[in-house]
Amino acid sequence: MFAIETEGLSKNFAIGFWRPRPYRALDSLTLAVEQGETFGFLGPNGAGKTTTLKLLMQLIYPTSGRAEILGKPIGDVGVKRRIGYLPESPYFYDYLTAEELLGYFASLFGYDAVDRRRRVSTLLDEVGIGAERRLPLRKFSKGMLQRVGIAQAVLNDPEVVFLDEPMSGLDPLGRRDVRNLILRLRDRGCTVFFSSHVLADAEALCSRVAILVQGKLVAMGGMSEIHAFHVRGWDLVVGGLSPEVLLKHTGRIRKSARVAPNQYALELPQDPTPDILLRDLMAEGAYLISLNPMRETLEDYFVAQVQKQQSR
Amino acid sequence: MSAIRHIAVHVFRESVRDKVLYNLVLFALMLMGVSYLLAQLSAGQEIKIIKDLGLAAMSLFGLFIAVFIGIGLVSKEVERRSIYALLAKPIRRQELVIGKYAGLVLTLLVNISVMTVAYYAVLGVMAWVNGSWFKPHWEAPALDPALLKAIAMIGLQLMIVTAVALLFSTFSSPMLAAALTIGLYIVGHFNADLKNFETVVDSRPVVYLARAMYYVLPNLAPFDIKAQIVHGIHVPAGLLLLNTAYAFVYIAALLAAASLIFTRRDFK
């Protein structure tokens with residue numbers, strides 16, 4: 001049994017008032033997510049990521065196709081007990097405090113008062129909401145609301161959690177916290193399905209990703225399996241390198257730039273073993289500052305795919 | 001059932017924290033105060049004027065609560081997108097509709113109760129000032145228990161209006177929903193005229209259309225027993241029972257329609 005399975009899932013929206021015409025927001029999405037997987041759902045803005053998540057949460061109904069979560073049709077109340085959902089840029093009730101909001105949602109899961117209090121308190125600690133938990137939510141910043149949103153998504157110890165742009169609106173510290181939370185969920189065996197347009201998030205967390213462009217699935221697999229993300233070179237920064245030594249190795253270097261006296265940023269070609277050149281340089285007095293793989297960015301990939309789609 | 005209860009309690013909490021609600025109660029109480037001042041200018045009729053104005057104020061401010069909070073119940077959730085996280089919880093959409101309705105009815109009942117206590121208190125004070133609970137030229141005693149019948153009918157009428165507001169709020173904007181609800185409230189008081197349209201118009205299709213509208217639109221006029229009660233005229237129990245049965249059947253139909261629309265709706 002898959003955690004999430006869709007088959008030919010499509011959604012049309014009507015555009016225009018007098019003579020509405022259909023706009024295809026999602027086109028025949030077929031995918032399967034294994035239980036325990038952390039699955040990244042990537043794509044530029046307007047690609048259909050949020051539409052897919054809304055379809056899976058049955059906030060909107062599909063034009064065609066079907067979807068199942070944990071082997072049951074979407075919308076099944078029994079399944080809703082076993083899943084969590086963070087909407088994009090979540091917004092809650094102004095007049096409730098974070099504690100009250102989570103207490104209200106916990107009551108809908110059927111937790112008793114003692115269990116509710118314990119869960120709410122633990123979760124708010126976990127997402128870093130301190131004394132502010134007793135303030136009305138209208139006084140919360142976007143980042144704090146995002147943290148509350150994440151807390152309500154995992155309130156019921158879900159087996160599958162859907163996160164729509166979970167890093168959105170968070171500062172670097174918040175992003176790190178969310179990353180750690182997703183890793184903890186993964187370690188607990190929870191299936192995490194999250195949408196993002198930031199490749200780095202997917203790289204750090206996902207076992208597999210799917211890429212959506214203009215409502216169509218254009219790639220799916222492990223990060224390393226997707227050709228677009230293969231390493232196409234290396235970015236090497238070394239110190240203690242004399243111009244004479246650099247000249248000796250020019251044939252093995254694609255580009256070089258001096259960033260400080262005897263310090264160079266070198267662009268190496270696609271080579272599975274950049275360490276050989278590094279070892280040779282170090283033998284001649286150079287020392288390593290940094291070595292990073294150069295990949296096509298997700299943005300580059302999106303642009304190329306959009307251009308491909310438009311040219312059809 | 002449990003989900004409906006939790007949603008209803010949540011709506012009640014939302015309404016109680018909404019400052020508009022306090023203002024409305026305050027205004028109702030202020031109006032009763034004004035009725036007391038007016039009564040000073042009308043020798044011998046003060047109790048009757050207070051009874052009239054008090055019931056009218058309850059009706060009017062109850063209507064404001066029912067319409068302005070009723071239309072926001074669903075549309076605000078959709079507009080502010082708080083509905084996304086809520087509908088992902090283990091609840092059915094129809095439970096949300098019924099829970100929201102139950103919460104607002106609870107709010108209304110609490111408000112009417114507060115207003116009733118204040119109303120009887122004003123009447124009690126007036127009777128005490130007059131030095132008598134009943135005078136021969138009064139048509140009914142100052143603290144007439146029959147006033148509760150009129151208040152109960154106001155309550156039922158407002159429950160229908162709330163269900164109408166909720167129905168409109170499931171598919172239209174708050175402004176349109178408010179206009180439609182108030183329009184239907186006004187039409188509901190003249191609904192009986194539609195039944196006898198043949199006395200005014202000759203065209204058969206128009207008469208049939210009017211007859212159909214009579215059955216579809218709410219018939220609120222029979223709930224208005226304020227004048228009879230204030231004048232001490234007996235209101236038969238049969239009418240009260242019939243009104244109650246009509247209100248519950250009509251509310252059930254409205255909630256079924258609201259649930260049906262809400263269940264099929266896309267939240268883009």
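A note on names: the letters A, B, ... follow the listed sequences, proteins ahead of strands, and every chain is numbered from 1. What you see is a predicted model, and the numbers here were worked out from it, not measured in a lab. All heavy atoms count here, side chains included; hydrogens, waters and symmetry mates do not.
Using a distance-only test at 3.5 Å, with no hydrogens or angles considered, no donor-acceptor pair links the side chain of B/Asn191 to the main chain of B/Leu220. In this structure a side-chain-to-backbone donor-acceptor pair under 3.5 Å is present from A/Thr6 to A/Leu29. Side chain of A/Arg133 to main chain of A/Ile129: a donor-acceptor pair is present (N/O by atom type, distance under 3.5 Å, no hydrogens or angles).
If you tally non-hydrogen atom pairs under 4.5 Å between each of A/Phe13, A/Phe105, A/Phe92 and chain B, the highest count goes to A/Phe105. Comparing B/Arg264, B/His10, B/Arg13 by how many heavy-atom pairs each has under 4.5 Å with chain A, the most go to B/His10. Listed options A/Tyr85, A/Tyr91, A/Tyr95 were ranked by heavy-atom pairs under 4.5 angstrom with chain B; first place goes to A/Tyr95. Of the listed residues (B/Arg92, B/Arg81, B/Arg80), the one with the most heavy-atom contacts under 4.5 Å to chain A is B/Arg80.
Contact annotation for A/Asp94: only side-chain heavy atoms (C-beta onward) come within less than 4.5 Å of a heavy atom of chain B. A/Leu96 touches chain B through backbone and side chain together, each having a heavy atom under 4.5 Å away. Interface remark: B/Arg265 contributes backbone atoms only to the contact with chain A (heavy atom separation under 4.5 Å). For A/Ser89, the parts lying under 4.5 angstrom from a heavy atom of chain B are both the backbone and the side chain. Using a 4.5 Å cut-off between heavy atoms, B/Lys76 makes no contact with chain A at all.
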Candidate pair B/Arg17 and A/Glu100, rule salt bridge (Lys or Arg N to Asp or Glu O under 4.0 Å), full reasoning: CA-CA 13 Å; B/Arg17 289 192 184 171; A/Glu100 287 169 340; 2.8 Å; yes
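A/Gln58 and A/Lys80 form no side-chain donor-acceptor contact under 3.5 Å, judged by distance and modelled atom types alone.
Taking the six-membered ring where the residue is Trp, B/Phe61 and B/Phe64 present perpendicular rings, their angle passing 60° and hence far from 30°. In this structure, A/Tyr111 and A/Phe109 have tilted ring planes: the angle between them lies in the 30° to 60° band.
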